[in-house]
Colleague: 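Structure provided below as structure tokens; questions to follow.
Basis for what follows: all heavy atoms, side chains included, without hydrogens, waters or symmetry-related copies.
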Amino acid sequence: MPDGRLLAVSDLHVGIADNRATLEALRPTGPDDWLIVAGDVAERVRDVEATLRLLTDRFAKVVWTPGNHELWTTTHDQADLAAPERYRLLVERCRALGVATPEDPYPVWQGPDGPYAVAPVFTLYDYSWRVPGVADKQQSLARAHENGVVCTDEYRIDPAPYPAVDDWCRERVAATEKALTAHDPDLPLVLAGHWPLDRRPTDVLHHPDFAQWCGTELTADWHRRFNVAAVVYGHLHIPRTTWYEGVRFEEVSLGYPREWRRRGHPRGLLRQILPYPGPAEQPVPPPSAGPDGR
């Protein structure tokens with residue numbers, strides 16, 4: 001039996017110099033450790049590829065799913081592609097490195113209490129996490145603009161050929177749900193995505209309008225419908241552990257330097273997902289949310 005751990009991190013943002021320096025500290029505890037990288041590695045394709053190459057040299061297996069930053073079109077990247085095409089390119093680069101992606105069969109991690117399938121999921125958002133009293137996407141976006149709380153995705157994610165990101169989201173959710181339904185229900189899952197699958201983690205955001213860029217109601221019952229041992233996510237830059245209907249949710253962001261300098265790294269740079277450390281790893285009080293526009 002391999003004597004390894006299933007570890008996780010997200011929101012490395014290695015395009016920022018101070019965050020690049022943390023890569024040296026991302027080390028396994030032993031030769032059998034796996035690492036989940038739950039999105040927002042970087043904006044440039046070459047930076048994502050270089051980071052994942054470095055991590056595959058250190059960890060027995062790396063599992064990646066994209067965040068919104070990997071989907072951005074920027075003037076600083078030679079891969080000037082719309083988001084769906086960028087995603088396909090990143091999947092190709094990951095496969096060449098041996099990194100598991102949402103387009104691949106779920107790899108099976110063998111732990112001391114049995115096997116677990118690690119399922120990287122790519123779901124996006126559809127503006128359905130709206131504040132009370134807001135009826136639709138148009139009203140929600142209008143309110144966000146009025147309040148000055150607008151995610152940078154609105155300007156940097158080109159969803160073509162989809163009419164909008166929420167159209168792409170619905171397709172992604174349908175395809176992922178089909179794969180989860182076909183999965184052996186006796187083999188427990190670790191669902192790993194960038195966006196939280198349940199809205200409740202966003203309740204601590206300082207700006208409730210930002211929640212509309214954080215997920216979709218379409219995934220709200222996945223942790224109950226399927227045999228899920230844990231859900232791993234990032235995006236919020238609020239690292240903590242919460243429980244919903246008996247399922248553990250782990251937010252594993254590194255975040256921006258101004259955030260991690262303020263809060264430190266009370267649980268280390270890498271979060272242990274399995275074997276679960278147990279009650280000794282108490283949830284830390286949620287720090288202030290990161291800047292709207294991440």
Colleague: Would you check if the distance from the ring center of Phe226 to the ring center of His183 is below 6.0 Å?
Modeller: no

Colleague: Could you tell me whether Arg200 and Glu245 make a salt bridge, using a distance below 4.0 angstrom between a side-chain N and a carboxylate O?
Modeller: yes

Colleague: If you apply the rule salt bridge (Lys or Arg N to Asp or Glu O under 4.0 Å), what do you find for Glu177 with Arg170, and how did you get there?
Modeller: CA-CA 10 Å; Glu177 196 167 43; Arg170 285 185 282 272; over 6 Å; no

Colleague: Taking the inter-plane angle between the rings of Trp109 and Tyr116 on a 0 to 90° scale, is it parallel (under 30°), tilted (30 to 60°) or perpendicular (over 60°)?
Modeller: tilted

Colleague: Can you tell me how far the CZ atom of Arg240 sits from the CZ atom of Arg263, to the nearest 0.5 Å?
Modeller: 12.0 Å

Colleague: So, using side-chain hydrogen bond (donor to acceptor under 3.5 Å, both in side chains) as the criterion, who are the partners of Thr65 when residues are at least two apart?
Modeller: none

Colleague: Please name the residue in the list Trp260, Tyr256, Trp72 that meets the ring pair (Phe, Tyr, Trp, His ring centres under 6.0 Å) test with His13.
Modeller: Tyr256

Colleague: Answer yes if Ile157 and Val173 sit in the same cluster of Ile, Leu, Val, Met, Phe, Trp and Tyr residues linked by side chain heavy atoms under 4.5 Å apart, and no otherwise.
Modeller: yes

Colleague: Applying the side chain to side chain contact (heavy atoms under 4.5 Å, CB included) test to Trp64, which of Leu90, Leu35, Ile36 qualifies?
Modeller: Leu90

Colleague: In plain terms, say whether Asp18 and Arg261 are close enough for a salt bridge, that is, a side-chain N and a carboxylate O under 4.0 Å apart.
Modeller: yes

Colleague: Mind listing the side-chain donor-acceptor pairs of residues 184-195 below 3.5 Å, one per line with the distance, residues two or more places apart or on another chain?
Modeller:
residue	atom	partner	partner atom	Å
Asp184	OD1	Asp186	N	2.9
His194	ND1	Ala38	O	2.9
His194	NE2	Asp40	OD2	3.3
His194	NE2	Asn68	OD1	3.1
His194	NE2	His235	ND1	3.0

Colleague: Before we go on, tell me: are the rings of Phe122 and Trp168 under 6.0 Å apart, centre to centre?
Modeller: yes

Colleague: Only pairs under 3.5 Å count here: list side-chain donor-acceptor contacts from residues 51-60, not counting sequence neighbours, and write none if there are none.
Modeller:
residue	atom	partner	partner atom	Å
Thr51	OG1	Asp47	O	2.8
Arg53	NH2	Glu49	OE2	3.3
Thr56	OG1	Leu52	O	3.2
Thr56	OG1	Arg53	O	2.7
Arg58	NH1	Leu23	O	2.6
Arg58	NH1	Leu26	O	3.1
Arg58	NH2	Glu24	OE1	3.3

Colleague: Do Asp104 and Thr101 get their side chains close enough for a donor-acceptor pair, meaning under 3.5 Å?
Modeller: yes

Colleague: Check the angle between the aromatic planes of Trp213 and Phe210 and answer parallel, tilted or perpendicular using the 30° and 60° thresholds.
Modeller: tilted

Colleague: Less than 4.0 Å between a side-chain N and a carboxylate O, is that true for Asp153 and Arg156?
Modeller: no

